[in-house]
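In what follows, a single structure is set out as C-alpha cells and then discussed.
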Amino acid sequence: MDQCVFCKIIKGEIPSSKVYEDDKVLAFNDINPEAPVHILIVPKTHVQSIMELDENGYNIIGHIFKVASDIAKNLKLDKRGFRIVNNIGEDGGQTVPHIHFHLLGGRNLQWPPG
Ligand code: 5GP
Ligand code: ZN
C-alpha cells in the first residue's frame, strides 16, 4: 500500500529503530513509547486487521507471537510480565491501518484500558 506508514517503514522509505526482522515480519520501536519497552511487530504484507486475514495470514500472526515471546525473553520481560495489544478499527483505537501488535513492558501496566 503506497500511502501506508508501516509499508513505508518495511520498505525502508521511513527510518525506524529495528528490533527484529525476518522474511515475514518486522519489529521496531514505537515512535511514541507508552512504556520503557514499546515495540511494534508487523507482518511485511499489508493487511488492515485480523478481519482480513487469509489462512497464511493467520499463520504469520502465530509467528508474530513467537517473535514477541523471543523478544520478551531477550529483554528479560518474561519474569515480571508484559502485554501484547492489537487495536482494531475506530473504537479499538487503531490509528495505522496495517495490522500490528504492540509489545509493552518495563513498568506495571494498568487495567482496564481507558
Ligand atoms: P495504533 O494506535 O494503530 O494501535 O498504533 C499505532 C502506533 O504506531 C502508535 O503507537 C504510534 O506511536 C506508532 N507510529 C505511528 N507512526 C509511526 C512511525 O512513523 N514510526 C514508528 N516507529 N511508530 C509509529
Ligand atoms: Zn501497510
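All residue numbers in this chain count up from 1 along the given sequence. Below, all heavy atoms of this structure are taken into account, side chains as well, without hydrogens, waters or symmetry copies. As the structure lists them, so they are numbered: ligands from 1, and atoms in each ligand from 1.
- At a 4.0 Å cut-off, not a single heavy atom of Glu34 sits close enough to ligand 1 to count as contact.
- Ligand 1 has no N or O atom lying under 3.5 Å from any N or O atom of Ser16, backbone or side chain.
- By the neighbour-count criterion of 12 heavy atoms within 6.0 Å, atom CD of Glu52 is densely surrounded, having more than that number from other residues, nucleotides or ligands.
- Counting only heavy atoms from C-beta outward, the side chains of Ile84 and Ile41 never approach each other to under 4.5 Å.
- Every residue was checked against the side-chain hydrogen bond (donor to acceptor under 3.5 Å, both in side chains) condition with Lys24, not counting sequence neighbours, and none meets it.
- Val85 belongs to a hydrophobic cluster whose other members, connected by ILVMFWY side-chain contacts under 4.5 Å either directly or through intermediates, are Leu104, Leu109.
- Put simply, the side chain of Asn74 does not reach to within 4.5 Å of the side chain of Tyr20, judged on heavy atoms.
- Of all protein heavy atoms, the one closest to atom 19 (O) of ligand 1 is Val5 CG2, 3.6 Å.
- Within 6.0 Å of CD in Glu13 there are more than 12 heavy atoms belonging to other residues, nucleotides or ligands.
- In the vicinity of Gln94, heavy-atom distances shorter than 4.0 Å reach the ligand 1 atoms 3 (O).
- Of the protein's non-hydrogen atoms, Ile31 CG2, 3.8 Å is the one closest to atom 17 (C) of ligand 1.
- Taking atom 22 (N) of ligand 1 as the reference point, the nearest protein heavy-atom neighbour is Asn29 O, 2.9 Å.
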Run Asp22 and His63 through side-chain hydrogen bond (donor to acceptor under 3.5 Å, both in side chains) and show every step you take. CA-CA 11 Å; Asp22 63 28; His63 178 59; 2.7 Å; yes
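- Shortest contact from atom 5 (O) of ligand 1 to any protein heavy atom: His100 NE2, 3.0 Å.
- At least one side-chain heavy atom of Ile71 sits less than 4.5 Å from a side-chain heavy atom of Val19.
- Close placement of the Phe65 and Phe101 rings is indicated, their centers lying within 6.0 Å of each other.
- Tally of protein N, O or S atoms closer to the Zn ion (ligand 2) than 2.8 Å: 4.
- Counted within 6.0 Å of NZ on Lys66, heavy atoms from surrounding residues, nucleotides or ligands total 12 or fewer; the atom is thus considered open.
- At least one N/O-N/O distance between Val96 and ligand 1 falls below 3.5 Å.
- Counting only heavy atoms from C-beta outward, the side chains of Lys8 and Gln3 approach each other to under 4.5 Å.
- Among protein heavy atoms, the minimum distance from atom 9 (C) of ligand 1 is reached at Asp30 OD2, 3.3 Å.
- Ranking the protein heavy atoms by distance from atom 20 (N) of ligand 1 puts Ile9 CD1, 3.6 Å first.
- When heavy-atom distances to ligand 1 are checked against a 4.0 Å cut-off, Phe6 comes that close only through its side chain, counted from C-beta outward.
- Here is the list of ligand 1 atoms found below 4.0 Å of a heavy atom in Asn32: 12 (O).
- A single hydrophobic cluster is not seen to contain both Ile9 and Val25; linkage of ILVMFWY side chains at heavy-atom distances under 4.5 Å, directly or through other members, places them apart.
- No side-chain donor-acceptor contact under 3.5 Å links His100 and Asn87.
- Annotation: atom 3 (O) of ligand 1 to nearest protein heavy atom, Thr95 N, 2.6 Å.
- The side-chain hydrogen bond (donor to acceptor under 3.5 Å, both in side chains) check on Lys44 picks up Glu21, with sequence neighbours excluded.
- Heavy-atom contacts of His102 reach the following atoms of ligand 1: 1 (P), 4 (O), 5 (O), 7 (C), 10 (O) (cutoff under 4.0 Å).
- Close approach to Phe28 involves these atoms of ligand 1, each under 4.0 Å from a residue heavy atom: 21 (C), 22 (N).
- Close contacts of ligand 1 with Leu40, meaning ligand atoms under 4.0 Å from a residue heavy atom, involve 8 (O), 13 (C), 23 (N).
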